[in-house]
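For clarity, every value in this text was computed on a predicted model and none was experimentally measured.
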Amino acid sequence: MNPETKEIPNRFDFASAAPEIYQQWLDKGCFNADVDPSKKPFTIVIPPPNVTGALHLGHALNNTLQDIQIRMHRMQGFSALWMPGTDHAGIATQAIVEKRLKETENKTRHDLGREKLVERIWQWKEQYEKRILGQLQQVGCSCDWRRTRFTLDPMCARAVRSTFFDLFSKGLIYRGKRLVNWDTFLQTAVSDDEVNPETVKGHFWHLRYPIVDAKPGEPTYVTIATTRPETMLGDTAVAVHPDPEEALNKYEATLKEKLEGANAKDQPGIQAQLDDLSVRRQELLPQLILLANMARDGRKLRLPLVEREIPLVVDAWAKPELGSGCVKITPAHDPNDYEVALRCSLPMLNIMNPDGTVNENGGPYAGLTMPKARNKVVAAMDYLGFLEKTEDREIELKHSDRSKTPIEPYLADQWFVRMEQLAQSAMDAVSNGDVKIYPARYANGYMDWLGEKRDWPVGRQLWWGHQIPIWSKSFENVSDAQSLKFKIDAMPERASGLLSVSLEEPTTLHVCIRDEDPGLEAKLQSLGLERQADVLDTWFSSALWPHSTLGWPDQTADLEYFYPTSTLITSRDIITLWVARMVLMGLNNVGKVPFQEVFIHPKILDGYGETMSKSKGNGVDPLDVINKFGPDALRFGLVWLCTETQDVRMPVQFECPHCEALVNQTKENRAQPTVVCDKCGKTFSTQWAEAESDKAHPKAPVVSERFEVARNFVNKLWNASRFVMMNLEGFQPQAVDFEKLPLEDQWILSRLATVTKATQTELKRYHYAEAARVVYDFAWDHFCSLYVEMAKPRLQDPAARPLVQQILAHCLDSMLRLLHPITPFVTEAIWQELARFAPSRDLQSTAPPSKWIIQASWPTVNEAHIRPSVEKQFAHFVDLVGAIREIRSRQNLGPKDQVPFCVRCEPEMEQLLAPMSSFLSSMAGAHATQWSQNPTLPSINAHVAIDQMDVFVDLTQFIDVAAEISRNEKLLSNLMKQIQGKEGRLSNESFVSKAPADIIAKERQALEELIAQRSVAEQAIEKLRQL
RNA sequence: GGGCGAAUAGCUCAGUUGGUUAGAGCGCCACUCUUACAAAGUGGAUGUCGGGGGUUCGAGUCCCUUUUCGCCCA
C-alpha cells in the first residue's frame, strides 16, 4: 500500500471539507461569468426566493437542478452565468413584519408610519437575504455572486419605472373601478390568485322588501334570498328577469337535452329538476311576469332598516329558475351585481370602511364589523316580520391566502395593465416554439390562462414595494382638467419624453414620470398633483427579472450577450403568475423572449402526499439534511427522486436527538410540542415547543431517510476512489490500443462511453433521475462490483499492473467529471487527491487536466469505444459468475471453499471465457476443470443452464442433497409454467397465422431450450434421489 | 363544474414505438468483520400492474368506463 494513502480516511468528512472547498471556488472566482466572444453563453436567472423566511426543501431541489445545468455547461466550455437574487415579495413580507410588530411591540403599521415601517422591512430583508444566500452556498450553488440583485434595488427600480412609463404612454395602463378582494386584516386588495375558496357552514336568508304603494292585485312585497344579509344596507335595486317565461323555456330545453345524454345514475336528479320547474311555472311564473311589468312601470320598493326607496329593475341576471326569481342588487359588493348596475345605470353604494367595519352609509349599523352587522340586520328584519325563513347551507367563502381571513368583495379604484396584445404575444411565443415548455403538458395551463386575456390589476395598497410613479388630481369640471393637461403637455419634459399624461374620464388627470426625478416631482406637486399611494404587485418587478438583472433599459454588453437566457427552472404553481408575465414583458421591453426553455420540476410532498409547510410541521430544512447527510447527499437524493411524471413523495422523520433513531412523523405527532422516541423512550421537542417545560427537551431535526441512498452512494464513490489511489503507486501514463485490450478493459471503456453519452443526453432533456440512475449503476455495479473486483488480481501481476492502473485512473477521472454537477463537493475533494497520484491520466492526451474539477472539461464520448458485441460477450462472464455464486450460496459453502466446475459450450465460448478463469477463482471461488462440447461430468454435480452454456459445479466434496433437490424442484416447476405458456401460444392458430415470423421463430426456439432444460433438471432430481 | 396528473413489491419510484419469466433502491430473510467501502459483500423471498369492459394472435403499455387521491382554474 502506498504510505501516502494511509492518510485518506474511509469516510468523506463533508462537514469540514465542503465549506473549505466552497471558499476556494469563491476565492478563485470559479463562479464568475463574463462576456467572452470566444465562448457561447449559457444563462439561467434564479427564481428569486422571497425574503420572507428561510429556504425549504423545494428551494433546495429547484436550485440543485439549476446548479447542475450551470456546472455541466461550464464544463462544456460555455460562459455559464447563473444570476442570483431575491424577491421583495410585497404582501408576504409586509404581512410578516407587521405581524412581528404587533406581537413584540403591540403596534400597527399606522403607529409607525410609512417611512418607519419600510425601514423595518429593509432590516428584515437584510437579515433574511443573508440567510437565504448563505443557504444557497451551503447547498453548493455556483451563482455569480458579484451580480446578486434584489427586486427592489435601484437597478430593478429603474427597469420598473421604464416599463411602467412605457406601458402608460402606450395606453396600456389605466385606472378603473373594480370589485376587489379586500383583505380586511391586511387592509389591501389581493388578486384572484391570492385567494382560496373554502367551504364553510353558512345560511341562506330569505328576506322580504315591501313594495311602495302596491295596487290591488299586486303583491305587497318581493322575496329575495342571500347568504350575506348585511349587504342589504348597500342595495340599490331588486332585479327580475325581463322575460321569465322565455327564460324558463330555455332552461327546460337544456335540462331535457342533459337528461338524454345523462347516465342512469344522474337521471333521477335531472328529472327532479324538471319536476320542480313545472311547479315553478304554475306557482311563480304569473307573479314574475307581473313584477317584470311593474319594473317597467318604474315601481319602487322600500328597503327596510335604512328606509331608502330603491327601484325594481329588469335584468337577465335574475334567474327565474332559482330561489324566488328575484335578486337583490348590491353593486359595490358583488361582481355580478356590479355588472347589473352598469347595465341599468344604478348608483353604487359602498357600505364598508377599509378596516372591515360598516361605514356611514350603513345608517344605524355604522361602526360595526361586517359579521356583527349581519347578526343585527337579521335580528331586526326578523323583528319587523321581514325574515321569511332561514336555511342551513354550505357556502364557498373566499379566504385571503396571506392572512387566512375571509375576503370582503369591495369596489375600489385599481390600476390595470391591458392584457389583450401582451397576452397574445406570450401565447404566440409558445405556440411558435420560441419558448419550449418541458414537460409539454404544462403548456396547456399557460395557454388557457393567457387566453382569457384578463386585465392585470397591478396596484396593491401596501407600503413595501415599487410605488406607482403616477401623480394625479381630480377636478370639479372638465375644462379645469383640460386646461391643466394643456399646461403639462407644454412642459419641456413632455417633449423630451420624460413625462406622460392621460385624462381619466371625466375629470381626473394622471401624470407618469419616467425616472426618479425629485425636481420634476416637486414641480407636479406645486401644480396640485398628488402621488398615488399604492405600490405595484410584486410580480410586476419579477416579470422583468431576466432583463432587468442584465442592465436593461441600458443596452449593456451583458444584455447583448447573455439575453435571451437559456433555460428557466421553476415550480408549476407560478407558470402563470411569473413565467407567462416574464415572457410578455420580455417581448414588450427587449423584443425577444426571456428564455428558450422552461423546465417545470416536481413538487416535494410529505409521506401523506401533502405539501410541506411550516404551518403543518412537516417541513424539512435543507440544512438539517446537510448536517446529517452532507450537501452532496442532499443534492443526489433530490435528483434521484426528480422523475418526469410524479411529484416527489418523501416520508419524513424526526431524528431523535438522544439516540439518533429516526421516528416516523405522523399527522398526530407532527402537531405536538414534544414527542417520545419509540426507540430510546426519551422525550424530544419539535418546532411547536413554546412552554419552558417543553423547550427543556432537546429539539429534533426533521429529516428523511430518503437521503440514505445518496449518502451511501457518496460513500461508495469515496471508497472506490480510495481503492484506486491506494493502487496507483508507480503509475505512469501510457498510450492504450483499444483493439489489443483484454475483454474486461474493452468492456469498461465501452460502458464508460455509453454512460457518458447517456448522462449528457438525459441531463440536457431534464431527465435528472434518469441521469443519476445511469451514473449510479455505472459507478456501483459496473465499476466497483465488477471492474474493480477484476482489477484486484491483475494489480498483483507486474505485467498487467500498469495497464490496469491506466484504465482505473481514466475511469475514475471520467466518473468524477460526470458526477461533478450533481455532487460537486466530494468530486472536487477526490479530484484534488487524485492529482497527487496521477497528475496526468487521460487516455487520449498527455496534458494534465485542470487543477479544479469545477473548471475541468466535460468528458467527451468516445464513439469508437462503444461495442455492443463486447458488452454481450462480457455478459456471459457475468452470467457464469452469478450461476456459480448461486450454487455456492444454496450449498452454504464457506468463502474459502474453492469448488471445481466444468462447462458444456461451443469452442467460441471456451475461447472467450477460458482466459478469464482466474477471475472466476477470485470472484466466485471456483476453478474450471473443463470447457468442452462434451465434458465428462462430475459424479455429483449441480447444474445451471445459462445463455449458451451448461454449468456443472462439482459437489462431490460438499453436497447438501436436500438443498440441491429443492433447488431443482423449484427450477423445474418454474420451467413447466413457462413451457405451458409457450406451448399454449404456439398451438394457438391465430397467433401462428398472424404474429410476425421473427416473433414466432423466437418463441419456438425458446420452447426448445426450455424443454432441454426441463429434462436436465428431471435427470438431476432423479440422480440426487438415488444418493 | 372544467382542465391536468397519478394509482405497479411492505415503502418510494422506473418501465422507450404493444412481444420471452414486469425492474431499481430501501426494508425483509440467510450467510460473510474477504486486505476500498458493514453507510459493505453474496445469495434469496415478495406483484391478479386500482376495478370493469373493449381493440389485438398478444395489453402494465392503446381505447372506453368507473373508483380513489393530488394540483390548477371557475
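Applying the 6.0 Å contact sphere to NZ of A:Lys757 captures no more than 12 heavy atoms from other residues, nucleotides or ligands.
Looking only at side-chain heavy atoms (C-beta outward), A:Arg751 and A:Leu786 stay at 4.5 Å or farther from each other. Considering only heavy atoms from C-beta on, A:Phe837 stays 4.5 Å or farther from A:Val724 through its side chain.
Taking the side chain of A:Arg454 as heavy atoms from C-beta on, and the options B:A36, B:G5, B:C73, the nearest nucleotide is B:C73. Here the side chain of A:Arg649 is nearest to one of B:C13, B:C73, B:G5, namely B:C13. Taking the side chain of A:Arg722 as heavy atoms from C-beta on, and the options B:U12, B:A36, B:A14, the nearest nucleotide is B:A36. The side chain of A:Thr643 lies closest to B:C13 when the candidates are B:C13, B:C71, B:C11. Listed nucleotides B:A36, B:U12, B:C4 differ in distance to A:Val788; the shortest reach to its side chain belongs to B:A36.
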Protein-nucleotides 24-28 of chain B N/O pairs under 3.5 Å:
none

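The two residues A:Ile437 and A:Tyr442 have their closest heavy-atom pair at CG2-CB, 3.9 Å.
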Original post:
What one-letter contact string describes nucleotides 42-49 of chain B from 5' to 3', where B marks a base within less than 4.0 Å of any protein heavy atom, S marks contact via sugar-phosphate atoms alone, and - marks no contact?
Top reply: SSSS----
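The side chain to side chain donor-acceptor pair (under 3.5 Å) with A:Asp606 is formed by just one residue from the set A:Arg649, A:Arg670, A:Gln665; it is A:Arg670.
Toward the 5' end of RNA chain B, the nearer of the two residues A:Glu789 and A:Asp573, judged by each one's closest nucleotide, is A:Glu789.
Among the heavy atoms of the strands lying under 4.0 Å from A:Lys792 is at least one base atom, whether or not backbone atoms are also near.
Between the CD1 atom of A:Ile830 and the P atom of B:A36 there is a distance of 16 Å, rounded to whole Å. Atom CG of A:Asn715 and atom C1' of B:A40 are 9 Å apart (whole Å).
Between A:Glu770 and A:Arg765, no side-chain nitrogen of the basic residue sits less than 4.0 Å from a carboxylate oxygen of the acidic one, so the salt-bridge criterion is not met.
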